[in-house]
Amino acid sequence: MQENDMPSPGQKRLVTYVDPDTALDFERRAASVGLSVSGLLGQLVQDYLPTSDTYYVRQSGHQLMMVLAMVAALSKKSLSAEEMADVRELAKTAAAGAFGPVPPRPFTVDLGGQEDPRMAALHKLFAER
């Protein structure tokens with residue numbers, strides 16, 4: 001047992017069963033990053049669990065998308081196509097200045113049905129550069 005494997009009084013024990021290949025792969029991964037198996041497991045649990053900061057960031061992102069969709073719908077009714085194109089360019093420039101370039105989507109969202117074409121259009125709009 002390594003020194004950092006010794007439980008402190010405030011720690012709780014986690015136990016699970018995995019197939020032998022998974023256990024061996026996990027042991028190898030832990031050794032490759034210089035941690036014990038329990039050290040790597042503890043780090044992965046900490047990295048996985050959301051903090052209040054990540055909750056608020058994600059919640060803000062959801063609320064922002066709701067507002068953007070509503071503003072876009074209202075703007076489309078009141079602005080000409082040329083004015084909408086100008087607004088899109090302004091938004092792209094502002095977003096790139098504040099947050100950097102749009103990263104590629106690292107995952108596919110499977111909502112159990114066909115993708116709403118309006119959402120695909122929104123993603124395309126923000127992904128185009």
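All of these numbers come straight from a predicted model, not from anything done at the bench.
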**Study point:** Side-chain touch Lys92/Glu89, heavy atoms, less than 4.5 angstrom
**Key:** yes
Check your understanding: Between the main-chain N or O of Val18 and the side-chain N or O of Thr22, is there a donor-acceptor pair closer than 3.5 Å?
Key -> no
Check your understanding: Has the side chain of Ser32 got a donor or acceptor atom that lies under 3.5 Å from a matching backbone atom of Arg29?
Key -> yes
Point to revise | ILVMFWY network linking Val33 to Phe26, side-chain heavy atoms under 4.5 angstrom | key: yes
Check your understanding: In the single-linkage hydrophobic clustering (I, L, V, M, F, W, Y; side-chain heavy atoms under 4.5 Å), do Leu40 and Tyr48 co-cluster?
Key -> yes
Check your understanding: Given the rule that I, L, V, M, F, W and Y join up when any side-chain heavy atoms are under 4.5 Å apart, are Val37 and Leu44 in one cluster?
Key -> yes
Point to revise | Nearest atoms (heavy-atom pairs only) where Ser36 meets Gly39 | key: OG-N, 2.9 Å
Revision key, fill the gap. When rounded to the nearest 0.5 Å, the distance separating OG of Ser38 from CZ of Arg13 is 9.5 Å
Review point. Where do Lys76 and Met84 come nearest, in terms of heavy atoms and distance?
Key: N-SD, 4.1 Å
**Study point:** Check: Glu83 side chain, Ser80 main-chain N or O, donor-acceptor pair, under 3.5 Å
**Key:** yes
